[in-house]
Each structure stands twice: as structure tokens, then as C-alpha cells.
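Residue numbers count from 1 along this sequence.
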Amino acid sequence: MSAPAAAESLVQSVDWLAVAPPTLTAVAALAVLVADLFLPEARKALLGWISVAALAAGLLTLLPLLDGDRSTFCLTTDPGVCSYVADRFTLVVQLVVLAGALLAALLSMTALKDEPRRLPAGEYWFLLLSSAAGAALLPASRDLATLIVALEVASLPAFALVGLRHGDRRSSEAALKFFLSSVTATAVSLLGVSFVYAVTGSMHLTVVAEEIQQVDGQFSTLARTGVVLTLVGFAFKTAAVPFHFWVPDTYAGAPLPVAAYLSVTGKAVGFTGLILVAVLAFPSYAPVWGPVMAALAALTMTVGNVGALRQRPDRDRSAVRLLAWSSVGQAGYLLVPIAAAAYTDDASRAIGSTLAYALMYAAVNLGAFTVVALVGRGRPAGRVDDHRGLYASRPVAALLLAFFLLSLAGLPPGIVGLFAKVTVFASAVEAGMGWLAVLMAVNVVIALVYYLRWTALLFRPAPEDAREDASAARRATAPITVALVVTGLLAVALSGAPQLILRFTGVTLF
């Protein structure tokens, strides 16, 4: 072979269609940052519409990828080993993160309009799109280096978003807690990845899965330590107990659209990374990580639901705090099928249950945040009590919030929430973890208390001193209305045909 031909063989080909969703979002982030330099202050709102359009276009680029698995950045010496894979698992997670970012962007347009001096538009949209690009890259990552880079690209802008509000001490404190916890998680993950690379000689997940089974006895302790540290680092990102301490204060201190974004997209990022390293890279260590995941699931759902139950409805920002603790509890449910994957021969079906639950959770949780944002425009304290009597003043918003809360609780008419919980429950039973299924059922009952308590408030008479003033009540904006309509229609449609989500429980993911 001639020298030029040998050099040419080392060049990787790039499938631009496969990488379109994160690439388009990243390019839009740079475009927004540059456009901010030239747009006058009066036209900064245009940046929001550009961002919304870019995220919508990113969602549309998923459609051509539905016809089959695609991969790129593959080794020239072994085309079957790739760093980027656009399979069904990737597309489902990218749908969740990009749709979550799009709805958060719609809420952000109203937040930036209300606080133009405290939230700089250019920086805000650049950070949101950058984080969304990293989140869209992560599910397609099939080597440890790309996985860590994507995780940090998704996380680092999120720190800044949390603390971006000028002159707000609570926002700065929330960003600091988020930053410290995430940096700790990253350091632990990198240490674990370095150990894994030392014993396997590869970063690609499929190669690691093969090589880590053949580690010499003298390096077996190093391999086990690397596996544990890598998984612990990703557990930080999922807000699993005992790594959840940052969640309530971060959500309460962040701008509301950022809290909504973190509750869905941020959570999807953590769980995706955990699934990839556990199921793809370390399947031979299932006897090690399986019991750990089961214990984390039990602790997380219990602590999260008890924390939500203890929230006082008259406390400032109690609505967001309750949703924050609820998201911790929901994270426990999401961990159940991952734990079940260690005890079953069909790991893809178990992971499919997590995907199905994540799709349901994303739709209804973002809907609940949208109603909280709507009410917060007239009652900025953000208390659960501020929703008392909402049906009398905003009947459509009240009915939708009730529907979202009942879906999160798993009660009719929120059928999609019920069916998603049933699939998670079934995954535990099929894996022989009856004790975890029973504990999940107990936690579902605990969650009913605070979800139904909030729902009942919507239909009670509002006290005279808590009525919105007329000027605030008129300030409904088009972006919030669009977000509410989209989440409402999606939740109702999925409750009418839950099989649209549940079919993912039986799909072959990898």
C-alpha cells in the first residue's frame, strides 16, 4: 500500500445526518452569542425566537433517523467500534432533552421579558442552547471520553444559568451548591474512568465490556474500584440519595424556567450516562452494581417523597421546592428498571421501562412547571397556597395542573402516569425484586398525599387577601400559553393512548 493510501485509511468519515441534532443546537448557540453583539436592546427578544426555532429544528432532524441505526466516528481498524451511535435509545433520549429544552425556552421568553435587567438575554440563550447541545450528544456517546465531555458540556452552562440572575443572593447560593456537587461528581467519575482505561486499554464502551472480563487477578481490585467510582459519579448527576442535597435549594434559587429544564433535561442526562456505563460497559459487574442500584432506588424514592410531604404550603417558593422533592422521588422510580437490568437476561426491556417513564415524567412535569410559572406572574412568592382557588380565576390552567399532578401520582384520568408506574413495577417483579416493588407501592401511596393535597387546593375558595391584582391577571403571554397547550395536549393524548409510550418498554435498544 502506498503512503498516501495508508494515510487516507486513517481518516474517519462523518455521518452529518446522524450528528445533526447536537450539531445544529451547538451552531445555534454560537449564532445567538454573535447576534447578541449586534442587536439593539429593544430587539433582544429576537434571540429567544431564534433559540426556539433552533430547538424545534433539532427535533425535526430526529425524523430522518427513525429508519434505522446510524453510527459515525468509527475506528478505521474496526468499523464496528464507534464513538457516536444514533439508535432508538439515542433518539428517545434526544427527543426528551430537546423537547424539554424547547419548552423551557418558551417559559424563558416570558421570564426574560419580566426581568430584562437581571437576566441578560444573550448569555442566557447561549448557555441554554450550549447545555442542550451537550445533553443531546450524551445519549449517542459510546466511549467514556465523549461521554464525560458531553456530560460536562451539558452541566457547565447549567451552573451559570442557575446563578445568572443579577443581584440575587439566593440564585448565587443555589449555583454554588450545584457547582460543588457536580464538580465532585465529575472528579469521582474521571478517577473511575482513568482506572477503567488503565486495566482495559480502551475508552469504547463495547471494548471495555469485553476487556474488563479478562483483567488479570492483580488488577481486579483496580477494575472494581474503577467501576464503582464511575457509577458513583453518575449517581451524583441523577440526584439519587445521598447525592440529592443540592436539588431543593438549586431549584428554588434558579429562575423558574431553569428549574424546569434541570428537572427534565438535567435528570435525563444523568440517567442516560448511568445506563450507558452500567449496561453497556460493565454488564459483567452486574452482581456489583445491581444491589447498589436497588438500594439507591429504595432510598431515593423514600427520601424524595417524604421530603415533598413535609413541605409547608405557605412557605415562599414551596411550589418549586415540592416539585424538586417530587423529582427526587421520581428519580427513585427511574432507578428501579436500571437495577432490574442486572437481574434479567433482557436488559433492553428493563431499560425500556425507564425510557417510558422518563417520557411520561417529562411531559407532565414540564406542564406542572408551566402552570406554576403562569401563577407566579401574579403571585411571585411561588407558594403552593398561591394556587388556592385557581379554578375560579383560571379554570383551564387549574384543570390542566390537576391533570398533571394526577398523572405524576398515577391516578385516573392521568392514565399515562398509571401505566408508566405499572411498567416500572413489573420490571422489578420480573427481576425477582419483590421487596423493591412493595416499597415502590408504599411510596406511591405516600406521594398521593401531597399530590392530592395540592390538587384539592385548586378548587377551594381563595382567601380575599390572596387574590391576584387585575393588572397581573391580564399578563398572560403567548409563549406560556403555547407551552401549556403543548404539554396539556400531549399529556391528554398519551393518557388516551398510553401504548404510544409503553411500546418503548419492549424495543431493542442497543
Looking at side-chain heavy atoms only, is the closest gap between [X] and [Y] below 4.5 Å?
X	Y	answer
Leu161	Pro255	no
Gln94	Pro22	yes
Val247	Ser327	yes
Leu107	Pro479	no
Val328	Asn305	no
Leu229	Ser189	no
Tyr357	Thr423	no
Met301	Gln330	no

On a heavy-atom basis, which atom in [X] and which in [Y] lie closest, and how many Å separate them?
X	Y	result
Val416	Ala491	CG1-O, 4.3 Å
Ala398	Leu458	O-CD1, 3.5 Å
Thr265	Ala135	CG2-CB, 3.7 Å
Leu374	Arg394	CD1-NH1, 3.9 Å
Leu400	Gly488	CD2-CA, 3.9 Å
Thr487	Gly367	OG1-CA, 3.6 Å

Is a side-chain donor-acceptor pair under 3.5 Å present for [Y] with [X]?
X	Y	answer
Tyr84	Thr90	no
His204	Ser83	yes
Lys267	Tyr361	no
Asp36	Tyr124	no

Salt-bridge present ([X], [Y]; N to O < 4.0 Å):
X	Y	value
Asp87	Arg142	yes
Arg170	Asp249	no
Glu173	Arg169	yes
Asp314	Arg312	yes

Distance check, rounded to the nearest 0.5 Å: [X] atom [atom1] versus [Y] atom [atom2]?
X	Y	atom1	atom2	answer
Leu62	Leu98	CG	CG	6.0 Å
Glu123	Leu47	CD	CG	10.0 Å
Leu156	Thr186	CG	OG1	7.5 Å
Leu138	Leu276	CG	CG	6.5 Å
Ile338	Thr238	CD1	OG1	8.0 Å
Ser181	Lys237	OG	NZ	7.5 Å

Let's go through Ser108 and Tyr261 carefully: what are the C-alpha distance in whole Å and the side-chain angles of both, what is the deciding distance for side-chain contact (heavy atoms from CB on, under 4.5 Å) to 0.1 Å, and is it a yes or a no? CA-CA 10 Å; Ser108 299; Tyr261 174 79; over 6 Å; no

Looking at Phe179, Phe236, Phe159, Phe178, which hits ring pair (Phe, Tyr, Trp, His ring centres under 6.0 Å) with Trp246? Phe178

Exam field: side chain [X] to backbone [Y], donor-acceptor pair closer than 3.5 Å:
X	Y	answer
Ser171	Val162	yes
Arg317	Gly382	no
Thr61	Gly58	yes
Ser318	Pro313	yes
Ser131	Leu128	no
Thr25	Ala133	no
Trp289	Phe282	yes
Thr23	Ala20	no

Per the side chain to side chain contact (heavy atoms under 4.5 Å, CB included) rule, which among Thr230, Leu335, Leu334 passes with Leu274? Leu335

Here's a test for you: under side chain to side chain contact (heavy atoms under 4.5 Å, CB included), which of Val482, Ile480, Val52 qualifies with Met109? Val52

What do you reckon, is CZ of Arg315 surrounded by more than 12 foreign heavy atoms closer than 6.0 Å? no

Do Tyr451 and Ser326 pass the side chain to side chain donor-acceptor pair (under 3.5 Å) test, and can you show the C-alpha distance, the side-chain angles, and the key distance before you say yes or no? CA-CA 9 Å; Tyr451 284 131; Ser326 166; 2.4 Å; yes

For Ser194, which residues count as a side chain to side chain contact (heavy atoms under 4.5 Å, CB included) partner, sequence neighbours excluded? Leu191

Once side chain to side chain contact (heavy atoms under 4.5 Å, CB included) is applied, do any residues pair with Ile50, and if so which ones, sequence neighbours excluded? Val32, Leu46

What verdict does the side-chain contact (heavy atoms from CB on, under 4.5 Å) test give for Leu103 and Thr370, after you've listed the backbone C-alpha separation in whole Å, the side-chain angles of each residue and the deciding distance to 0.1 Å? CA-CA 9 Å; Leu103 289 168; Thr370 301; 5.9 Å; no

Please report the C-alpha distance between Val264 and Val96 in whole Å, then the side-chain angles of each, then the deciding distance to 0.1 Å, and finally whether the side-chain contact (heavy atoms from CB on, under 4.5 Å) criterion is met. CA-CA 8 Å; Val264 172; Val96 171; 4.0 Å; yes

Please evaluate residues Leu30 and Phe126 with respect to the criterion side-chain contact (heavy atoms from CB on, under 4.5 Å), reporting the C-alpha separation (whole Å), side-chain torsions for both, the decisive distance (0.1 Å), and the verdict. CA-CA 7 Å; Leu30 294 175; Phe126 169 72; 4.3 Å; yes

